[in-house]
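The block underneath contains the structure these notes are about, expressed in structure tokens.
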Amino acid sequence: MHRTISPKVFRGHIFHIAGAPTVAEARSQLVSVPDGALVTDIDGTIAWVGPFSELPADFAALSVTRAGFILPGFVDTHIHFPQTYTTDSYGGGQLLEWLDECVFPAESRLEDPGFARQVARDFTRRRASVGTTSALVFGSAFAPAQDALFEETQAAGLRLVSGRGIQTVGTDSARALLTSEQTALELTASEIDRWHAVDTDNAQTALLQVAIVPRFSLSVTPTTLAGLGELYDSVRGRGVYFHSHLNENDRPSTGEIDAVRSAYGTENYLDTYDGCFLPRSARGGSSLLGPRSILAHAVHCQDSELARLADTGTSIAHCPTSQAFLGSGTMPWRRTTAFGVNVAIGTDVGGGDEWLVARVLNDCYKAHLSEPGDAGVALDPAALLFTGTLAGARALDMEARFGNFDLGKDADLLLIDPDRWEPLALVLANAVRADDAALAAEQTLFALLLALRESAITGVYVRGRRVSVE
Ligand SMILES: [Zn+2]
């Protein structure tokens with residue numbers, strides 16, 4: 001099924017979160033092997049991990065690739081392909097105005113297939129450069145643009161879950177992105193048939209998968225949501241995903257959340273995705289929630305919404321960089337995770353202006369330490385690494401395949417050379433470290449995650465195979 005590769009040894013300081021912990025348990029599952037070895041098998045899975053000095057004789061003859069550090073590949077659970085060039089957008093302000101003034105016009109340009117191909121190439125190269133081995137990608141409205149995204153991703157050898165952005169209602173500036181209700185369903189079903197798990201014919205092993213992606217409740221209608229619920233019922237068993245936005249902007253009366261409430265008359269925003277999109281949250285169709293459903297932001301959730309996310313196994317794509325840029329507020333970390341909801345990281349390019357997941361984890365640390373009063377929390381480095389890797393694999397329901405270096409998983413990994421980014425090299429070379437070895441390892445991981453830049457990522461591997469993008 002997979003092409004075979006030459007087994008090899010990667011040697012460097014290995015960090016990963018072993019097993020399947022919750023975020024609160026991540027710290028106890030942090031593995032640090034200062035002079036470590038990771039061995040990949042012919043099928044790209046992980047055959048052995050441990051101290052290089054204990055490398056079994058069976059592997060002694062394999063070629064060795066050296067690096068300063070070896071991390072699991074980053075998982076970005078929310079990023080917008082048609083906003084590849086939109087990280088600089090001035091003139092919008094907060095969410096709804098930014099969409100109208102900046103994003104809808106920019107996304108409309110992908111109607112030109114030649115331009116869309118260029119965006120797909122640049123998007124794929126950018127995500128590869130920052131070590132995003134797996135991504136849940138909010139797609140373009142235009143089918144040829146989505147085909148270009150899947151083709152470029154496949155050529156590069158990266159993981160992708162994506163679906164065209166569905167809009168059936170909208171403002172004038174979104175006109176090019178809108179389709180009829182019927183066309184929206186047809187285009188989405190066609191994308192699923194063309195691309196879902198096409199590379200292996202098995203959603204458990206495929207690198208390429210498809211999601212049903214309404215932009216948000218305001219870009220569709222109860223009729224669209226009913227149709228998408230029916231469609232999702234018919235493809236859930238094939239491992240298709242659902243992805244959208246939730247509770248991002250709570251500006252009173254004119255913001256997103258109040259607009260959803262007034263458009264639908266539901267008791268909360270989540271109900272619109274849960275099949276209860278009729279007035280007073282009466283049921284109008286099937287739920288879109290579940291273990292392959294991921295909702296971005298969830299900054300301003302009611303308790304009942306967080307409980308429902310946890311109950312259904314729906315994950316949150318947390319995007320602190322974007323939330324700062326659009327003035328959306330801060331997702332309450334303690335309260336959200338206390339409900340047991342899985343929280344993974346998302347760059348939300350172009351609402352977020354950082355492609356590198358570690359830069360978003362840096363913002364994540366600052367945002368939650370700055371939450372008011374008892375809500376403030378200094379996230380430990382293992383929790384940050386977990387959120388940028390294993391939690392993402394869990395959000396994508398692919399934790400059994402990647403997200404850490406447990407034996408038998410696919411070798412999705414990053415090689416890092418601190419000498420390629422002087423500020424990182426300097427803090428590591430001149431660090432003051434605790435006498436306690438476990439704390440010292442956490443301090444080194446913290447330095448690595450917070451000071452990491454794209455130039456220090458020197459190798460990106462998916463399933464043991466080096467990712468190469470022109
Ligand atoms: Zn977004």
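Heavy-atom basis, side chains included; hydrogens, waters and symmetry copies ignored. Numbering of residues begins at 1 and proceeds along the displayed sequence. Remember, it's 1-based here, ligands and their atoms both numbered in the order they're listed. Nothing here was measured: the structure is a model prediction, and the numbers come from that model.
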Notebook entry, point to check: So does His297 have any N/O/S atom less than 2.8 Å away from the Zn ion (ligand 1)?
Noted result: no

Notebook entry, point to check: If you draw a 6.0 Å radius around CZ in Arg283, do more than 12 non-hydrogen atoms from other residues or ligands fall strictly inside?
Noted result: yes

Check: Hey, what's the ring geometry for His80 with His245, parallel, tilted or perpendicular (30° and 60° as the breaks)?
Finding: parallel

Item checked: Shortest-distance N/O/S atom, His245 versus the Zn ion (ligand 1) -> NE2

Next item on the list: Measuring from the Zn ion (ligand 1), name the closest N, O or S atom belonging to Asp348.
Entry: OD1

Check: Got a sec: does the CZ of Arg420 have more than 12 other heavy atoms crowding it under 6.0 Å?
Finding: no

Next item on the list: Report yes or no: does Cys319 have an N/O/S atom closer than 2.8 Å to the Zn ion (ligand 1)?
Entry: no

Notebook entry, point to check: Under 30°, 30 to 60°, or over 60°: which ring-plane class applies to Phe15 and Phe69, parallel, tilted or perpendicular?
Noted result: parallel

Checklist line | Heavy-atom closest pair, residues Trp195 and Glu151 | finding: CH2-CG, 3.7 Å

Notebook entry, point to check: Quick one: angle His78 NE2 - the Zn ion (ligand 1) - His80 NE2, to the nearest 10°?
Noted result: 100°

